[in-house]
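One structure is given below, encoded as structure tokens.
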Amino acid sequence: ESTSLGEIIRSDFPILRQKVNGRDLVYLDNAATSQKPNYVLKALKDYYESSNSNVHRGVHYLSQKATTAYENAREKIADFINASDHTEIVFTRNATEAINLVANSWGDLNLGFGDEILLTVAEHHSAIVPWQIVAKKKGASLKYIGLTAGEVPDIEQLKKALSKKTKLVVTHHVSNTLGSVLPIEDIVIWSHEVGARVLLDACQSVPHMMVDVQKLNVDFLVASSHKMCGPTGIGFLYGKSNLLSSMPPFLGGGEMISDVFQDYSTYAEPPSRFEAGTPAIAEAIGLGAAIEYLSGIGMQRIHDYERELADYLYYSLTSVPNVRVYGPAPSEIIHRAALCSFNVENIHPTDIATILNEEYGVAIRSGHHCAQPLHRYFGVNASARASLYFYNTKEEVDHFIEALRETIKFFSI
Ligand SMILES: Cc1ncc(COP(=O)(O)O)c(CN[C@@H](CS)C(=O)O)c1O
């Protein structure tokens, strides 16, 4: 059997060589955060060793070196998601802050009494709470679409729910809990027909597949570096140029201004308008290195391999008695991401995750995965979740499944 991508690539990730309680670490919590390859770790170290300086201000050599590296990272992101211009990329702390930026800037300017924000019940709290806050302030309301019997967001229901009152559609590309992949191009066409804008939460898609913002034609897109082999503390907002240019600042301070007078200021053009204060320079450069690393492997190759892992994980997990997996069964039409949220009859998911860690070195997530409305929709408070990345292997899935069977036996005595 040919060597899998996971087997070839794992030596790039020093952390994966760790043992947990004497057992090989089997890290299956990648939807929470991914691990970092040597290439990214080296980029961070090199920056602090040879380029560290503040950006956009100094005329001295190091400041110019740091500024060039920082702005190159922005251009790498723009190319990676095929934005038409690098000024459409705004650095934020993470995807959550990127959504808050849109809610507090575009939302404050464009939402009014009676307007509707349309979401799916599967959205992450980061895609829900900022809109609850701004909707309350503006007298707008949130409207949710449910799931089909096949446990994917009901896009026919979404199409019907769109109306002249809909000002914004907020949706995930890939659900961090269901693993479902939504047809974003269609959703954007329908939304634009009623004059609604679309904010795409691409946290679980940008790390795993080619995402082309011009092809999708989304108005906003958010993603986080730490889920795509990059450091924590940096994420980005993509926004169409005409939208960003129309938006007021989110945070005030240095960098985001043009001139400051005693009682008012004029603001810089996007993206600087939305980047107040000293940015996370090293992290941005680390994200740029992560994009170079992923692009070097190839997003299509990563996606194809993860499709294999996704099916293997799903069918291995659903073959275990008393296991209930949430989300759609994979098929030619329905693609699943390589993640499965599940429950085991009469055993709390946290007990499952605890034993898997303590006895078998397997790291999975248990809880609500910041998707409480979705868990309530299923009538449960929590679930366990295994989420894979391209450095995982089928052998690791086998180890997880074997450990799960043993854990279930342990609790069934
Ligand atoms: C779909 C989706 N949308 C937004 C976020 C927030 O990403 P931040 O980098 O924390 O801002 C996440 C991060 N989900 C992690 C932490 S709850 C998970 O375990 O699933 C996400 O999956």
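Counting from 1, the numbers follow the sequence of the chain as shown. Order of listing sets the numbers, starting from 1, for every ligand and every atom in it.
In this pair, Y391 and F13 present their aromatic rings tilted. The plane angle is within the 30 to 60° band.
Atom CG of L244 is separated from atom NZ of K240 by 11.5 Å, given to the nearest 0.5 angstrom.
Screening T232, T33, N94 for a side chain to side chain donor-acceptor pair (under 3.5 Å) involving H226 leaves a single residue, T33.
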List the steps, then state whether salt bridge (Lys or Arg N to Asp or Glu O under 4.0 Å) holds for R10 with E396.
CA-CA 12 Å; R10 346 182 7 97; E396 288 184 300; 3.0 Å; yes
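Atom NZ of K165 has 12 or fewer heavy atoms from other residues, nucleotides or ligands within 6.0 Å.
Protein residues are said to neighbour a ligand when one of their heavy atoms lies under 4.0 Å from it; for ligand 1 these are A31, A32, N94, A95, T96, H124, S126, N176, D201, C203, Q204, S224, H226, K227, R365, C370, R385.
Residues that satisfy the side-chain contact (heavy atoms from CB on, under 4.5 Å) test with E345, not counting sequence neighbours, are N322.
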